[in-house]
Amino acid sequence: MPESHPSTSPKSKLRVRFAPSPTGFLHVGSARTFIFNWLYARHNGGNMILRLDDTDVERNTQASVDSIFEGLKWLSSGWDTPGWDELYKQSERIDLHRRTAWTIFEKGLAYRDFTPAHTGDAEKSGSQGTWLFNPGARELSRAESDRRAAAGEPFALRFRVPREGGQVVQFTDAVYGEQVKFATDIEDFALLRSDGMPTYHLASCADDADLRISHIIRGQDHLTNTFKHILIFEATGVTPPQFAHLPLLVAPDGTKLSKRRHGPVVSVTTYRDAGFLSEAFINFLCLLGWSPKDNRENMSLPELIECFSLEGINRSNAVVNFKESAAPPDVVIPTPSEAQGRNLLLASEETFDPKALWLNAEHIRGLSVEDLSARLLPIVRAAGFNVTPEKMQQVTPLIRERIKLLRDVLTAADFFFVDQLPPYDPAELIPQKGDAAMAMNVLTRAREVLAKVEFKHDPLDQALRAAAQELGVKAGQMFQPIRVAVCGRKNAPPLFETLEVLGRETTLARIEQAAEKMQWPAPSS
RNA sequence: GUCCCCGUCGUCUAGCCUGGCCUAGGACAUCGCCCUUUCACGGCGGUAACACGGGUUCAAAUCCCGUCGGGGACGCCA
């Protein structure tokens, strides 16, 4: 553990923060950052601060704020401690940011730049060149600067990055180690925009200092920004916090996950709606870029809190192995609410990282029947089935080993819930190495047997096996026609348990229908 | 373009700091076999990786240099 930092002394509690900007839905990369921060705080008995970095009025939306809270709420739904201990909005702290900026200015470490802002954002891509500062603005005398400001000329406030003497900016990252950069490679970044609003760098550092954040755990895309942040902290006389940068989560194409390019698969709510258990999703995310180093993979939240440490974090980017084809590449998902409607359509099992699916299935199998049943019930009901909790509890053990996503209950157990089986091909009723006559015999005999036998696993087992013997067919040949008759398909849970749950009445009715189907096959087929 | 970061099976990773125990371990996926009334679960086994090239060393996945490849940051966005 990297220690000896002032803010980690026993006196002051460890404080971390998660600071999303509400410009879109909560995506999986942000979710992982949130989880790592939370885990680190809980592991060390520290506090977690949630701060909405909403200084970009142009791009912030309430829908986005709602979506982020929705995602965080789901992630933390099973936790016995809150997802955060304190909550702030940057937009309410702008006075502090401005004061900080002017303090830096008064020290001569920032200057006014009256150069008009670049119009349009066309030049943001690639062809940037190496702009470092506008000499005329940087060298403007204080008197001249004051005069023009007093005259009402708009300006941005820029940090005066030291440009002489081969000065170096450095810090130690808990993940990436010693980081050093020549100040001459850092541009004179803006602190205040010409409308007086703070920039991200300024607001973030001013708040981190004010909120006494001890550790900043965030994505590696901020690694090079950190040099600027060190400069700000030093200019305001604050000891910088400890930094830990996380390797990026990338798409199978190797690029940074993006809402716009990769669509709903990167949205947290897509996983929720598809039937992921939040604890399984968290488990999956933790394994991306972090390892307990003891080959454990299926881990509960308490276990994760127990062994989480910054030392276990990797330095190389991790691929979230979802299927690229999920969304047409040129389709833009404009708003969270609009994306919402498409999630269910786009998110099939094929969409997700197979390991996430496996972990989810593992966690599902680890749930008690009561717990799993309670989670399944609302899904089944939302799909329009009128099912009692008692019935759900009976069905749950039969499908627990057979579903990977909670929503799979709808396809795995549908025949327990419907009154009328959907149409199926009567040919399915014919057993392996058998013919229609055999199927007919089996169904006829089954009807007789099942009319009398007690509907419990063992009696059903004995009676049906005995019947198979009498008919001179194999057990499997006996069971398949019955299975298809009652389930409407070949792949289904074990037969005796299934019949027990279905009950005599439904079973006999469906066998009756199957027999009719065999006699008068549907005209269309 | 400039600066920064990264590079172990298809994917997530262990091992790297403190060279030898590495004929490189685990997991997912995949293939095969077993269990079995179907499916699934479970069990067993197979295929599969140290980016490349130079050093240093008795010995290199591990240390050094270079090359190549990938990613990120460079905005009055965050």
Could you tell me the Watson-Crick or G-U partner of B:rG32, where both distances fall under 3.5 Å? Say none if there is no partner. B:rC44

Establish, with yes or no, whether the OP1 or OP2 oxygen of B:rC76 is under 4.0 angstrom from a side-chain nitrogen or oxygen of A:R158. yes

Using the P atom as the reference point in each nucleotide, state the distance between B:rA27 and B:rG46 in Å, no decimals. 12 Å

Where at least one partner belongs to residues 160-185 of chain A, residue pairs that pass salt bridge (Lys or Arg N to Asp or Glu O under 4.0 Å), sequence neighbours excluded: A:R163-A:D188

Send over the distance from A:H457 NE2 to B:rU37 P, rounded to a whole Å. 11 Å

With a non-hydrogen cut-off below 4.0 angstrom, is A:T55 in contact with a base, only sugar-phosphate, or nothing? sugar-phosphate

Sugar-phosphate, base or nothing in reach of A:A318, heavy atoms under 4.0 Å: sugar-phosphate

Nearest-angstrom distance, P atom, B:rC44 to B:rG26: 12 Å

Picking from B:rU38, B:rU37, B:rA73, the nucleotide nearest the side-chain atoms of A:A492 would be B:rU38

B:rG25 versus B:rA61 - spacing of their C1' atoms, nearest Å: 13 Å

Base paired to B:rU38 (Watson-Crick or G-U; both N/O distances under 3.5 angstrom): none

Grab the CG-P distance between A:L398 and B:rU37 for me, whole Å please. 17 Å

Tell me the interatomic distance from A:D56, atom CG, to B:rC76, atom C1', rounded to whole angstroms. 11 Å

Would you mind classifying the nucleic acid contact of A:F284 as base, sugar-phosphate or nothing, using non-hydrogen atoms under 4.0 angstrom? nothing

Between A:Q432 and B:rU38, is there a side-chain N or O to OP1/OP2 distance below 4.0 Å? no

Is the shortest side-chain N to carboxylate O distance from A:R99 to A:D95 below 4.0 Å? no

Return whichever of A:R365 or A:T199 has its heavy-atom-nearest nucleotide of RNA chain B closer to the 5' end. A:R365

Base, sugar-phosphate or nothing for A:G219? Non-hydrogen atoms, less than 4.0 Å. nothing

Counting only Watson-Crick or G-U wobble pairs whose two distances fall under 3.5 Å, which nucleotide matches B:rU18? none

Taking the same atom, P, in B:rA59 and in B:rU23, what whole-Å distance lies between them? 16 Å

Which nucleotide, B:rG72, B:rC3, B:rA78, lies nearest any side-chain atom of A:H201? B:rA78

Per the side chain to side chain donor-acceptor pair (under 3.5 Å) rule, what does the pair list look like for residues 474-498 of chain A, sequence neighbours excluded? A:D414-A:R489

With rounding to whole Å, what would you report as the distance between B:rC34 and B:rG72 at their C1' atoms? 49 Å

Rounded to the nearest Å, what distance is computed from the CG atom of residue A:L288 to the P atom of nucleotide B:rA27? 18 Å

Under 4.0 Å between any heavy atoms, over every strand shown, what does A:P20 touch: base, sugar-phosphate, or nothing? Just pick one. nothing

Looking at B:rC5, does its base get a donor-acceptor pair with the side chain of A:R315 below 3.5 Å? no

Base, sugar-phosphate, or nothing for A:H245, non-hydrogen atoms under 4.0 angstrom? nothing

A:F496 side-chain proximity, nearest of B:rU37, B:rG75, B:rC74: B:rU37

Under 4.0 angstrom, heavy atoms only, what part of the nucleic acid is A:P493 near: base, sugar-phosphate, or nothing? base

Rounding to the closest angstrom, what is the interatomic distance between B:rC39 and B:rU30 at atom P? 16 Å

Would A:D207 and A:R17 pass as an ion pair if we require N to O under 4.0 Å? no

Please classify the nucleic acid contact of A:P154 as base, sugar-phosphate, or nothing, using heavy-atom distances under 4.0 Å. nothing

Does A:R193 make a side-chain N or O approach to OP1 or OP2 of B:rC77 shorter than 4.0 Å? yes

Per the atom types in the model, does the base of B:rC76 pair as donor or acceptor with the side chain of A:S194 at under 3.5 Å? yes

Does any nucleotide pair with B:rU23 by Watson-Crick or G-U wobble geometry, both distances under 3.5 Å, and what is it? none

Mind checking A:Q477 for me? I need base, sugar-phosphate or nothing, with any heavy atom below 4.0 Å counting as a touch. nothing

Give one of base, sugar-phosphate or nothing for A:K490, where a contact means two heavy atoms less than 4.0 Å apart. base

A:E350 meets the side chain to side chain contact (heavy atoms under 4.5 Å, CB included) criterion, sequence neighbours left out, with A:S348

Distance in angstrom units between A:Y200 OH and B:rA78 C1', rounded: 7 Å

Does A:R93 count as lying over the ring of A:Y88, i.e. NZ or CZ under 6.0 Å from the six-ring centre, within 45 degrees of the axis? yes

Answer yes when A:R158 and A:E187 have at least one side-chain N-carboxylate O distance shorter than 4.0 Å, and no when they do not. no

Can you list, pair by pair, the side-chain donor-acceptor contacts under 3.5 Å of residues 464-471 of chain A, counting residues two or more places apart and other chains?
residue, atom, partner, partner atom, Å
A:R465, NE, A:D461, OD1, 2.6
A:E470, OE1, A:R445, NE, 3.2
A:E470, OE1, A:R445, NH2, 2.8

In whole Å, what separates the C1' atom of B:rG70 from that of B:rC33? 40 Å

Name the pairing partner of B:rC76, where a pair is Watson-Crick or G-U wobble with both distances under 3.5 Å, or state none. none

Just checking A:L287: base, sugar-phosphate only, or nothing, at a heavy-atom cut-off of under 4.0 Å? sugar-phosphate

Does B:rU13 have its OP1 or OP2 closer than 4.0 Å to a side-chain nitrogen or oxygen of A:N314? yes

Please work out whether the ring planes of A:F36 and A:F308 are parallel, tilted or perpendicular, with thresholds of 30° and 60°. tilted

Do A:H229 and A:Y200 have their ring centres less than 6.0 Å from each other? yes

Go ahead and name the base partner of B:rG66; Watson-Crick or wobble counts if both distances stay under 3.5 Å, otherwise write none. B:rC52

Are any of A:K256's side-chain N or O atoms less than 4.0 Å away from OP1 or OP2 of B:rG71? no

Please work out if A:T224 contacts a base, only the sugar-phosphate, or nothing of the nucleic acid, heavy-atom cut-off 4.0 Å. base

Could you pick out which residue, A:E401 or A:K355, lies toward the 5' side of RNA chain B when each is mapped onto its nearest nucleotide? A:K355

Given the C1' atoms of B:rU62 and B:rG55, what is the spacing between them in whole Å? 15 Å

Between atom CD in A:E297 and atom P in B:rA29, what is the gap in whole Å? 11 Å

For RNA chain B, determine which residues of residues 88-98 of chain A have any heavy atom closer than 4.0 angstrom to one of its atoms, and list them numerically. none

Strictly below 4.0 Å, N to O, side chains only: are A:D53 and A:R51 in salt-bridge contact? yes

Checking B:rU13, B:rG72, B:rG42 against the side chain of A:E362 (C-beta onward), the nearest is B:rG42

Whole-Å gap separating P (B:rU38) and CZ (A:R489): 16 Å

Only counting residues at least two apart or in another chain, list the ones meeting side chain to side chain contact (heavy atoms under 4.5 Å, CB included) with A:E297. A:L287, A:K355, A:W358

Separation of B:rU37 atom P from A:I430 atom CD1, nearest Å, is 22 Å

